[in-house]
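What you are looking at is a predicted structure, and each value in this text was computed from that prediction instead of being measured. In what follows, chains are A, B, ... by sequence order, proteins preceding strands, each numbered from 1.
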Amino acid sequence: MIDDYSAPATQQTTTSNHSAHVAGHIVPVRVLLTVCLVLLVLTLTTVAATWVDLDGLNLWIALAIATLKASLVALYFMHLRYDSPFNAFVLITALVFVMIFVGLALMDTLEYQPTIEWQEASALQRR
Amino acid sequence: MPDTGVGEPHAAHEHPPHLAHHFETPAQQFASGKLGMWLFLATEILLFGGLFCAYAVYRANHPEIFDVGHRFLNKYLGGVNTLVLILSSFTMATAVYCAQRSLQKELRVCLALTLLGGGIFMAIKYVEYHDKWKHGLLWGTRYEPHMDEPGHAHDQVKSEHTSGVGGSAEPSIQAPATAAASAPATQTAADERSTIAPATIGPRGLTELPDEESTAEHPTPRQVHNVHIFFGIYFVMTGLHGLHVLAGMAVIVWLLIRAHRGHFGAAYFAPVDLGGLYWHLVDMIWIFLFPMLYLIR
Amino acid sequence: MFTPATGDNYLNHTRGIGSWLVTLDHKRIGVMYLVSILAMFMLGGLFGLLVRTELLTPGPTITDNPDTYNQFFTLHGVIMIFLVIIPGIPAALGNFVLPIMLGAKDVAFPRLNLCSYYLYVAGALLALGSLAAGGLDTGWTLYAPYSTQTKSAVFVVAAAAFILGFSSIFTGLNFIVTIHKLRPPGMGWFQLPLFLWSLYATAVIQILATPVLAITLLLLVAERTLGIGIFDPSLGGDPVLFQHFFWFYSHPAVYIMILPGMGIVSELISTHSHKHIFGYRAIAYSSVAIALFGFLVWGHHMFVSGQSDLVSMIFSALTFSVAIPSAIKVFNWLATMYKGSISLNTPMLYGLSFIFLFGIGGLTGLFLGALATDVHLHSTYFVVAHFHYTMMGGTMIAFIGGIHHWWPKITGRLYSQLWGRFACILIFLGFNLTFFTQFIMGSRGMPRRYYDYKELLPYHPEFHALHAASTIGAYALAIGLMLTAVYLLHSLFRGRRAPANPWGGSTLEWQCSSPPPHDNFATPPPVGDPYDFEGIEYDLQAGGYVRHAPEGPARVTTPGDE
């Protein structure tokens with residue numbers, strides 16, 4: 001793995017080599033601003049998408065847009081695009097394991113058979 | 001090839017002040033800090049992942065609970081909160097930029113704006129929670145949905161219904177146009193000073209969804225049970241997220257204090273960067289929470 | 001107290017209890033963990049003895065209250081699992097050995113390390129505080145809906161486990177960053193000793209699994225205090241969901257327990273056979289495979305809970321696959337011993353015990369992983385025996401073996417091999433008597449967590465004798481462990497001073513003095529194959545092993561050398 005802090009830094013106003021070595025890559029403000037605007041637009045899109053009723057597809061569209069937004073935050077705001085790839089690997093691994101957890105638990109509960117009448121919770125009924 | 005950074009000898013005369021003794025170079029220290037923070041963020045993702053699992057399980061098995069429950073959430077307030085957090089993420093990333101460029105004043109401004117964003121988020125959250133509390137839209141055994149305080153006429157509720165969407169800053173109970181239209185003629189005449197909701201118009205009434213067999217003239221409502229589960233999940237997810245926002249705000253306050261003292265610059269900005277990573281994670285989690293809770297339909 | 005070692009080392013570098021309480025030295029933190037964990041082991045063992053004593057005779061033996069018995073086994077489980085075995089090897093031995101084996105000065109985040117230790121102490125105090133709060137009787141597994149409704153100290157124990165979880169997470173975080181970023185020049189991934197591979201794999205599990213325990217406990221507490229209704233059926237919740245949440249952490253947790261133990265065994269077997277480990281890469285990859293596969297099998301704890309058939313079948317099939325990497329390791333250890341020059345020192349005896357006992361434990365896991373047999377064996381003593389063979393016969397034996405292996409390094413003292421071997425054999429025999437009988441009982445239907453077996457005796461009269469034998473074995477085991485404590489403590493005062501390399505080990509920690517200097521290594525040490533025993537010979541004058549470099553003088557680093 002290449003240590004990206006060995007690359008010469010750009011846009012530096014520092015004096016010593018040591019500090020330039022640490023500052024490493026700096027994301028330009030215009031990139032940050034662009035990403036921010038895209039995120040705002042995507043947010044409005046997500047809300048607008050609820051005005052169109054596509055039944056079950058709504059959830060997946062919303063999650064897809066959310067995933068896109070989260071990716072932009074991770075890549076640019078959180079610097080993953082310019083970082084050591086292992087950091088991104090850590091993030092992806094965490095997400096994969098969440099999906100394993102949710103996936104298998106969901107697979108189980110979706111197999112629930114309707115053998116019991118869904119009752120109003122008795123504790124509430126007593127009130 | 002080990003990625004331990006440049007292997008320069010640990011010269012005594014050129015020891016950067018922020019370099020801990022067990023690291024060889026500042027670059028190694030910074031890269032270690034970053035990896036450490038990403039590992040911590042991974043644990044936070046797994047923490048909220050458990051809640052996403054609970055959400056998925058209950059929503060998959062009882063979509064009607066979520067369908068009914070989410071109508072009490074104001075998606076416009078939630079949307080504003082999303083925009084606020086995104087903007088605060090932007091100001092946080094800009095703060096890191098300022099630290100890297102040693103722009104001290106701009107750094108403080110950006111941190112302050114991020115803090116402000118967090119504050120606005122929590123304020124809107126408070127408004128939402130307060131509204132739920134007022135209307136008894138809470139979890140478990142505390143789920144006792146009721147109308148506004150005594151004195152509010154049942155007429156007001158009816159007019160809110162027919163207007164369809166509650167767009168006021170203080171969200172009231174929204175009724176989708178369909179429910180209002182199909183509100184059966186069985187609604188009882190109510191005393192104007194009564195605090196007891198008429199059977200088919202109050203939140204309880206919204207839980208009566210018509211069956212496929214029902215018609216406009218002869219509706220046969222199907223009772224939706226256990227709507228409180230939606231609110232349990234809602235409060236745990238947004239509550240835990242809110243706690244993380246507060247923790248993030250505390251971190252930013254600490255960064256602001258240190259920035260005031262001039263601790264940060266191009267040579268040393270790791271705390272700003274790492275604190276920023278945490279803040280961005282909080283934003284990322286909300287990016288998922290918002291559609292999952294507020295935009296169900 | 002005991003005479004400190006000559007020369008400047010980490011023990012006498014600074015003095016006074018204050019310097020220990022705020023230390024950032026990983027070696028001191030490791031020692032503090034070791035003392036705390038062994039103290040908790042004694043306490044958990046005491047509860048275990050209470051359980052066994054109660055079962056010595058049918059009917060009430062030492063208590064006539066079944067709830068008290070429930071508290072015995074619950075506290076035994078909670079203390080042993082959360083306070084001894086999960087932190088155990090990584091915190092006590094890993095903290096001490098990892099940076100030195102790596103050739104680093106310390107872990108990546110020393111302050112976080114100290115924080116981990118204090119979180120451990122806080123969790124331990126809370127867990128013990130539960131005794132004062134009326135005790136816990138749900139079993140360590142805290143299943144809903146009993147745990148959401150019982151009046152016993154669920155909140156306190158859940159809070160304790162929550163805090164201990166963070167201690168575990170921070171340790172894992174520290175180890176991953178240390179191994180990634182603080183390696184010396186020349187040490188690639190495949191020059192790492194296998195103990196470090198196992199600690200790395202363990203740390204990955206700690207990072208990924210423990211947060212799910214945290215959210216489970218949080219939801220349990222929320223259920224109890226706020227009544228949110230997510231697990232409790234009387235509030236519309238799903239109790240099987242609790243089990244999914246709980247076991248998503250708790251199954252990988254058992255790999256947190258066993259992986260470091262396997263890492264230690266790799267070191268014990270190769271060092272005391274004076275032979276290069278066989279199948280280095282296979283063992284390294286197996287560690288990572290176990291860590292990852294361990295996340296895919298949690299449902300095998302839930303075969304009879306109401307889990308769907310589809311998912312039960314998936315989990316059963318995956319459970320069989322997770323046995324494969326463990327088996328690979330066992331074969332590699334055996335191959336390492338073949339044609340090795342085996343010294344039957346105490347650590348080696350513990351290593352051999354591990355292979356035998358973990359072999360039995362692992363194989364009996366397959367009975368439990370098969371759906372058809374698990375229906376009969378679930379919640380019987382067969383399960384109890386299985387996890388004691390793996391957790392105690394595996395992890396604890398490896399832990400004690402590791403303590404004996406690194407004792408000279410940590411304390412600078414040698415202990416009596418005669419007593420060490422004797423105690424090891426007594427522990428081995430006592431252990432087997434205690435738990436093998438439980439396999440027999442369990443397969444014949446003796447349920448676990450039962451206060452009394454009087455009603456079963458007409459159908460299974462052998463249960464009385466088997467329970468009695470198990471209890472006697474438990475006492476023998478306890479005596480063996482006490483004996484270990486006695487001669488180890490004795491060595492602190494009267495033991496012979498240890499040379500740098502008493503066993504002839506080839507890994508880096510044997511190149512610094514016993515005890516090590518404060519900074520471990522003044523300059524990063526030269527790195528090569530960690531299992532290269534070439535040229536390591538016993539030197540009478542040094543009183544230990546030295547490595548004779550091909551071109552001449554012995555290469556041992558002591559403080560003051562440069």
Side-chain angles (χ1 to χ4, degrees), chain B residues 1-7 9-10 20-24 27-55 57-58 61-62 65 138-143 225-237 239-240 243, chain C residues 24 26 99 104-112 165-166 169-170 172-174 176-178 180-189 191 203-204 206-216 218-219 222-223 226-232 235-238 241 244-245 248-249 519-520 523-524:
Chain B
M1 176 72 173
D3 54 335
T4 53
V6 179
H10 199 106
H21 84 284
H22 56 286
F23 287 111
E24 300 294 320
Q28 184 190 39
Q29 177 172 296
F30 183 68
S32 302
K34 266 242 158 153
L35 177 59
M37 181 47 97
W38 271 107
L39 290 167
F40 178 68
L41 296 185
T43 67
E44 294 280 26
I45 290 173
L46 264 299
L47 187 82
F48 279 92
L51 290 177
F52 288 131
C53 180
Y55 171 93
V57 162
Y58 279 108
N61 279 313
H62 301 288
I65 291 180
L138 299 174
W139 52 81
T141 48
R142 283 176 168 271
Y143 178 68
H225 302 278
N226 296 329
V227 178
H228 64 90
I229 294 216
F230 174 82
F231 289 102
I233 291 179
Y234 168 79
F235 277 106
V236 171
M237 289 183 97
L240 189 63
L243 281 176
Chain C
L24 296 180
H26 67 96
K105 291 205 182 75
D106 207 315
V107 289
F109 307 119
R111 282 176 298 187
L112 192 66
F166 276 98
I169 286 175
F170 290 152
L173 198 156
N174 233 330
I176 292 181
V177 180
T178 308
H180 267 276
K181 300 291 186 192
L182 265 63
R183 296 197 304 270
M187 188 182 272
W189 282 88
Q191 279 78 49
V204 168
Q206 284 172 303
I207 292 283
L208 293 175
T210 319
V212 179
L213 175 73
I215 195 68
T216 308
L218 224 93
L219 286 173
E223 184 92 354
L226 304 173
I228 55 165
I230 191 169
F231 297 133
D232 194 337
L235 292 171
D238 182 357
L241 188 63
H244 277 297
F245 268 69
F248 185 82
Y249 164 72
D519 259 337
N520 302 342
T523 50

With sequence neighbours excluded, residues passing side chain to side chain contact (heavy atoms under 4.5 Å, CB included) with B:L35: A:F86, A:N87, A:V90, B:L39, C:V177, C:H180, C:K181
Contacting moiety of C:L213, where chain B heavy atoms sit under 4.5 Å: neither
Any residue meeting side chain to side chain contact (heavy atoms under 4.5 Å, CB included) with B:L47, in chain and number order, not counting sequence neighbours: B:E44, B:L240, B:H244, C:P211, C:A214, C:I215
Reported CZ-to-CD1 distance for the pair B:R142 and C:I228, which is rounded to 0.5 angstrom: 13.0 Å
Largest heavy-atom contact set with chain B, pairs under 4.5 Å, which of C:A222, C:A108, C:G229: C:A108
Under 4.5 Å from any heavy atom of chain B - which part of C:D519: side chain
Minimum side-chain heavy-atom gap B:H22-C:V107 below 4.5 Å: no
Side chain to side chain, C:L208 and B:T43, heavy atoms closer than 4.5 Å: no
C:L226 side chain reached by B:W139 side chain, heavy atoms, under 4.5 Å: yes
Side-chain donor or acceptor of B:Y58 paired with backbone N/O of C:G237 under 3.5 Å: no
Top contributor to chain C interface from B:I45, B:L51, B:V236 [non-hydrogen pairs under 4.5 Å]: B:L51
Spacing of OG belonging to B:S32 relative to CD1 belonging to C:I176, to within rounding of 0.5 Å: 13.0 Å
Which atoms of B:F40 approach chain C - backbone, side chain, both or neither, heavy atom under 4.5 Å: both
Any side-chain heavy-atom pair of B:I229 and C:I230 under 4.5 Å: no
Side chain / backbone / both / neither for C:L219 at chain B, heavy atoms under 4.5 Å: side chain
Distance-minimising heavy-atom pair for C:G236 and B:N226: CA-ND2, 4.0 Å
